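On a predicted model such as this, the values are computed, not experimentally measured, just so you know. Chain identifiers are assigned alphabetically (A, B, ...) following the order of the sequence lines, protein sequences preceding nucleic acid strands; residue numbering begins at 1 within each chain.
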There are 2 protein chains.
Amino acid sequence: MATLKEIADQAKVSIGTVDRVIHRRGRVATETSRRIQKIIRDLDYKPNILARSLSSSKSYLFGVLLPLPEQDGFYWELPLTGIKKAQEELEIYKVKINYFYYDKYSETSLKKAFLSAIQHSPQPDGLLIAPVLSQAMEKLIHQIPEKLPYIFLDSYIPNSKCSAYIGEDSFQSGLLSAKLMNMLVKGSGTVAVMDVLPFDYHIQDRIQGFQSYFAQNGKIILTMCQVDARKPQSFVEAAKKVIQDHQNLVGIFIPTACSFYIAEAMMSHGSNHKVFIIGYDLVKQNVACLQKGMIDFLISQRSEMQGYTSIYKLYKKVVLKESIESQVLMPLDIITQENLKYYQN
Amino acid sequence: MATLKEIADQAKVSIGTVDRVIHRRGRVATETSRRIQKIIRDLDYKPNILARSLSSSKSYLFGVLLPLPEQDGFYWELPLTGIKKAQEELEIYKVKINYFYYDKYSETSLKKAFLSAIQHSPQPDGLLIAPVLSQAMEKLIHQIPEKLPYIFLDSYIPNSKCSAYIGEDSFQSGLLSAKLMNMLVKGSGTVAVMDVLPFDYHIQDRIQGFQSYFAQNGKIILTMCQVDARKPQSFVEAAKKVIQDHQNLVGIFIPTACSFYIAEAMMSHGSNHKVFIIGYDLVKQNVACLQKGMIDFLISQRSEMQGYTSIYKLYKKVVLKESIESQVLMPLDIITQENLKYYQN
DNA sequence: ATCCAAAGCGTTATCGCACACGCACTCTGC
DNA sequence: GCAGAGTGCGTGTGCGATAACGCTTTGGAT
């Protein structure tokens, strides 16, 4: 590992000069600069991060814009846990994080949180955004200063200038769910698909993935139901209705973390034969339902790791100034009673 | 974050004295020592790792004892990848790694590698061992010096003084496979279980897990076959035989990374109806079979992450001198065509 | 001829920690 | 009473990088 001093010695200049070349702080003759740059390349110099952050007085600030943690059945606690873990680890590198939460059912709330985030003083050096209210977010996104990098978590806005998207491939996760459902119900019968309102691109992609699997394969009949994530009662009613309307109901697919509402409704108003349920995300209530056999499969998108990874990517881009992949797709974990415990915490 | 200097100031001593207290290097009056220790606790002092490893000239050496990477269908390349990734990240902390590979079918080879590892000069500060040849390893393990911590990877030796085991819950993974198999074959027919030789506790646990599931549930008939991991031909013969002997063969369970041998044999000498195959681990050939639909499920034990985690745990114990959990069980990932790509690399 | 700004470069304090060294003082044994 | 060992403590240097600061040397304006 070459050090600044070695480079300086070899180029017969002082450390200060080498440092100025590296940081493009000017005040170095073009010729000298070129000579030093060559040596840097030749020796494959990599700055020592330890020494750098020990020495540097610079600290970094990231803004995190998330829905209220308790929304979506406390789903947002999961990425938040990952974010906080990364924050702890990066504390010694002088990375700080400000949190801004919004009500995902209120455009006003989003707007307010968004503005607080970008107008915060001191200015943040990077943003992490979960653009759940995608349409509302779309209108705001251009207000982000040119030089302020931002990363999308969980879902994203097409055609934005984000530095990266960390999340799942929603369509594919729907497809995966469909395959599992097909296995569970042994290839025939009616399967209900819960279209969870309010509208969300993310959810729609999952549903489309699910549908597209059955478009090719088979004898399964799909029926769509609408439920409202804000009204637990709507899940109960939907469950009741779909059982009444379809005697040969064999499965239900719920493409959000609200799966447990349906599972619980099925317990109390359930049909007399087994109806398989596939849901999403390892929120507490879903986990409980899975353990009791009320849910058969949960698809998990490594929510914690999404948060953790996002912060690390920001760190990599902003602090280390390295380039990052424009997209990181998390594995789609298939969770059952048998492997659940290894995914918790 | 308190620093040495702050503690020194508050205790009205010099940094050197505080340092001697922290490192128990003596030459400090009991009274002074107590006073300083109290302040350390009060201020919740945590040494700055950056400064520490920048300053310290001490370097650390870990020994890694693994089967030859190409064995078990190149399985051992997977944890090795994770180990090397951790190695890169820890290089700045002056962590070095020596590798010792052994032929998992030769006790002599293991012995030789083992001795090279523990007698290496300079002495290693920690060992990472994959004790695949468990019985042979059991005889050697007591030769590890009292003060040399070691961690088991992949499998372990019961009643040893290892600092930790990083791997999977083998029994549970068998159970999980059985559940999936049961789903695939729709609850009836004959399922073949490949007992892969030579003997290995790990594999036996998976088989027992698999069997125990069907002991309670159902109409599935299990039949055992023996194959020899060293002889690909034995897989072909076993496949042929099991098809002949069982007209209603519906599934095959192979509890090792050699799954692809069976899958390939089934392609060429296969039955005329679908036989579902569940195998283990994301080695190249298995991945290829999964993609082609020749294998239906692969169970993956996060092999890369096992390697990565192991080295980090050693680092945590040896370098940071923190305590570590005695057991880290990796998630049992269920891999299908639909989610495969998110698990690769 | 004088002055001054800017260019080009070197020097140095600092970050927090580790550790060798050295000074002053106490205790022990002969 | 004095050498030598041991105790209790402070000082100083180095790890590698950062960045403020200051010192020369130019060249152009006055």
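Inspection of the A/Tyr165 and A/Asp154 side chains reveals no N or O donor paired with an N or O acceptor under 3.5 Å. For the 3.5 Å distance criterion, the side chains of A/Glu70 and A/Tyr75 fail to qualify, holding no donor opposite an acceptor. The closest side-chain donor-acceptor pair between B/Gln327 and B/Tyr156, if any, does not fall under 3.5 angstrom.
Panel note: side chain A/Ser160, backbone A/Ile157; a donor-acceptor pair is recorded below 3.5 Å. Side-chain atoms of A/Tyr150 come within 3.5 Å of backbone atoms of A/Lys161 as a donor-acceptor pair (strictly under, hydrogens ignored).
B/Thr32 comes within contact range of the sugar-phosphate backbone alone, with a heavy-atom separation under 4.0 Å but no base atom that close.
Of the two residues contacting DNA chain D, namely A/Pro47 and B/Ser33, the nearest-nucleotide position lying further toward the 5' end is that of B/Ser33.
A straight line from NZ of A/Lys58 to P of C/dC15 spans 17 Å, rounded to a whole angstrom. We find that CZ of B/Arg52 is positioned 8 Å from C1' of C/dC17, with the value rounded to whole Å. C/dC9 atom C1' lies 10 Å from atom CZ of A/Arg27, rounded to whole Å. The NE2-C1' distance, from B/His23 to C/dC17, rounds to 8 Å in whole Å. Taking atom CD of residue A/Glu91 and atom P of nucleotide C/dG16, one finds them 13 Å apart after rounding to whole Å.
For C/dC9, the OP1/OP2 oxygens have no side-chain nitrogen or oxygen of A/Arg20 closer than 4.0 Å.
Using a 4.0 Å cut-off between charged nitrogen and carboxylate oxygen, A/Lys284 and A/Glu77 do not count as a salt-bridge pair. One finds no salt bridge joining B/Glu91 and B/Lys96 here, because no Lys/Arg side-chain nitrogen approaches an Asp/Glu carboxylate oxygen to under 4.0 Å.
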Quick one, A/Tyr102 with A/Phe114, criterion ring pair (Phe, Tyr, Trp, His ring centres under 6.0 Å). Give me CA distance, side-chain angles, the key distance, then yes/no.
CA-CA 8 Å; A/Tyr102 63 92; A/Phe114 176 85; 9.7 Å; no
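Against DNA chain D, the stretch residues 3-19 of chain A makes heavy-atom approaches under 4.0 Å through A/Thr3, A/Leu4, A/Ile15, A/Asp19.
For DNA chain D, the outermost nucleotides in 5' to 3' order that have an atom under 4.0 Å from a heavy atom of chain B are D/dT7 to D/dG16.
Residues meeting the salt bridge (Lys or Arg N to Asp or Glu O under 4.0 Å) test with A/Lys46, sequence neighbours left out: A/Asp44.
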